[in-house]
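Since the structure comes first, as structure tokens, the remarks are kept for the end.
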Amino acid sequence: MSNPSEINGGSAVAMIGKDCVAIACDLRLGLQSVTVSGDFEKIFQYGGNFVAFTGLATDVQTVSTELRQKHALYEMVEERSMEPNTAAHLVSSMLYSRRFAPWFVGPLVAGINSTTGEPYVCSFDSIGSMDVSHDFVVTGTATNQLYGMAESLYEKDMSPEQLFETISQTLLCAADRDAITGSGGLVYVIEKNGKVTKKLLKSRQD
Amino acid sequence: MSRFNPYGDSSGGSSLAIAGADFAILAGDTRHSTGFSIDSRDQSQIADLGDGLFLTSNGFSADAKQLVDDLRTQIKWYHHNNNDHKLSISAAARTTMMLLYGKRFFPYYVNPIMIGMADDGTGAVYSFDPLGSYDREPSRAAGHASELLMPFLDNQVTFANQLDPQTGEPRKRLDLDLQTAVDLVKDAFTGAAERQVQVGDTLEIVILTKDGVDRQYYDLRRD
């Protein structure tokens with residue numbers, strides 16, 4: 001466990017539904033096998049864009065804060081809100097600027113484009129390679145478990161309620177098979193009409 | 001000079017088992033690979049041990065084959081010594097443990113799963129680690145896609161994290177019917193084949209009931 005991406009643990013997942021997107025993360029912060037905190041949120045809101053960062057906790061905080069500054073500057077200079085695909089390209093270029101000394105983060109971007117109304121999810125590797133998906137994206141130490149759950153539970157065009165249930169079961173069951181992901185969950189459901197629902201999930205505490 | 005390595009990475013894809021009230025299912029894909037090279041697209045990994053027992057052992061396939069040979073020998077001697085008495089699955093599981101632990105300091109590099117019908121008529125799944133530590137379980141996955149398959153089985157076989165919509169209490173365990181279980185196996189494997197390159201080609205399912213054995217085959221992605 002000298003891999004910096006696996007010291008603190010943690011995972012996140014985002015899914016597209018019909019006129020909605022959902023993004024979820026676990027709440028654990030640990031030092032290898034020792035749990036330090038059970039309320040470490042990994043999803044950050046930038047206007048209508050939701051970005052999850054998993055990986056090395058210090059880099060999660062650094063990158064999420066730096067992105068807050070870049071997002072604020074964009075809205076001041078451009079005098080308009082930032083679309084999800086713009087946020088994704090911003091994250092990508094931020095990460096690539098550290099090509100030879102990377103931040104050890106695995107980000108996800110989720111949001112709904114305010115002009116087209118299209119839901120958008122995107123995942124990245126630690127140096128900014130973008131993977132725009134039409135169904136779901138996963139990241140973190142429970143990546144394999146999340147893929148197994150999402151690949152079998154996911155259906156196209158789910159309602160916000162169905163999407164919440166699917167992403168919650170995906171996260172919870174994946175977290176239970178990864179020792180360094182868990183301690184509760186956090187789910188955002190973002191709808192086309194601008195409605196955002198934030199829900200905390202209780203889960204096994206071991 | 002590099003030293004000879006007794007273990008290789010040639011292996012079958014993944015396997016999975018579910019136990020029901022009156023059936024047991026053992027399924028595995030028929031892809032066999034070494035690293036990223038596909039050796040075969042139709043190599044069955046489910047061994048028929050006789051006495052209504054079936055075994056998969058994911059890991060290093062040469063060791064897996066040797067374990068099956070060892071078990072067949074043990075079962076043959078058991079028949080010779082006990083007037084052809086059928087070996088029960090609980091005894092077969094203990095025998096497997098003895099064989100694996102007997103190689104404690106030069107282990108077979110395998111994760112075996114065994115299915116059969118228990119003495120009380122219920123379906124039984126036994127899973128082992130490479131040194132012989134074993135347990136009877138409701139379901140188990142092993143091999144390259146075990147991390148993808150296992151949380152899905154927790155969720156759909158033992159209803160992990162599911163609440164009863166009426167009471168809000170954890171959903172009660174109930175015995176799956178055979179068709180539901182077979183459908184779960186197919187869903188699990190099509191999902192795993194989507195993301196795990198070592199899994200694919202064909203899904204082989206062995207269904208064990210009191211009436212006998214049924215083998216079914218389904219296509220998986222071949223890329």
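Each chain gets a letter, A, B and so on, in the order its sequence line appears, and its residues count up from 1. For the numbers below, each heavy atom of this structure counts, side chains included, while hydrogens, waters and symmetry mates do not.
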query = When you measure from the side chain of A:Glu151 to the backbone N and O of B:Ala192, does any donor-acceptor pair fall under 3.5 Å?
reply = no
query = Heavy-atom count around B:Arg94 CZ within 6.0 Å, excluding the residue itself: above 12?
reply = no
query = Given side chains that start at C-beta, do those of A:Leu153 and B:Gln156 come closer than 4.5 Å, heavy atoms only?
reply = yes
ask   = For A:Gln169, is it the side chain, the backbone, both, or neither that has a heavy atom closer than 4.5 Å to a heavy atom of chain B?
value = side chain
task = Sort B:Asn161 into side chain, backbone, both or neither according to what part of it lies under 4.5 angstrom from a heavy atom of chain A.
result = both
task = Answer yes or no: does atom OH of B:Tyr109 have more than 12 heavy-atom neighbours from other residues, nucleotides or ligands under 6.0 Å?
result = no
request  = First locate atom CG of A:Asp176, then atom CE of B:Met150, and finally report the distance between them rounded to the nearest 0.5 Å.
outcome  = 11.5 Å
ask   = Closest approach of A:Cys173 and B:Pro151, non-hydrogen atoms and distance?
value = O-CB, 3.4 Å
ask   = Going from CZ on A:Arg177 to CG on B:Leu148, what distance comes out if it is rounded to the nearest 0.5 angstrom?
value = 13.0 Å
task = Return yes when atom CD of A:Gln205 has more than 12 non-hydrogen atoms of other residues, nucleotides or ligands closer than 6.0 Å, and no otherwise.
result = yes
inquiry  = For A:Tyr96, is the OH atom crowded, meaning more than 12 foreign heavy atoms sit under 6.0 Å from it?
reply    = no
remark   = So CG of B:Leu149 and CD of A:Gln145: to nearest 0.5 Å the spacing works out to 11.0 Å
task = Report, as yes or no, whether the 6.0 Å neighbourhood of atom CZ on A:Arg204 holds more than 12 heavy atoms from other residues, nucleotides or ligands.
result = no
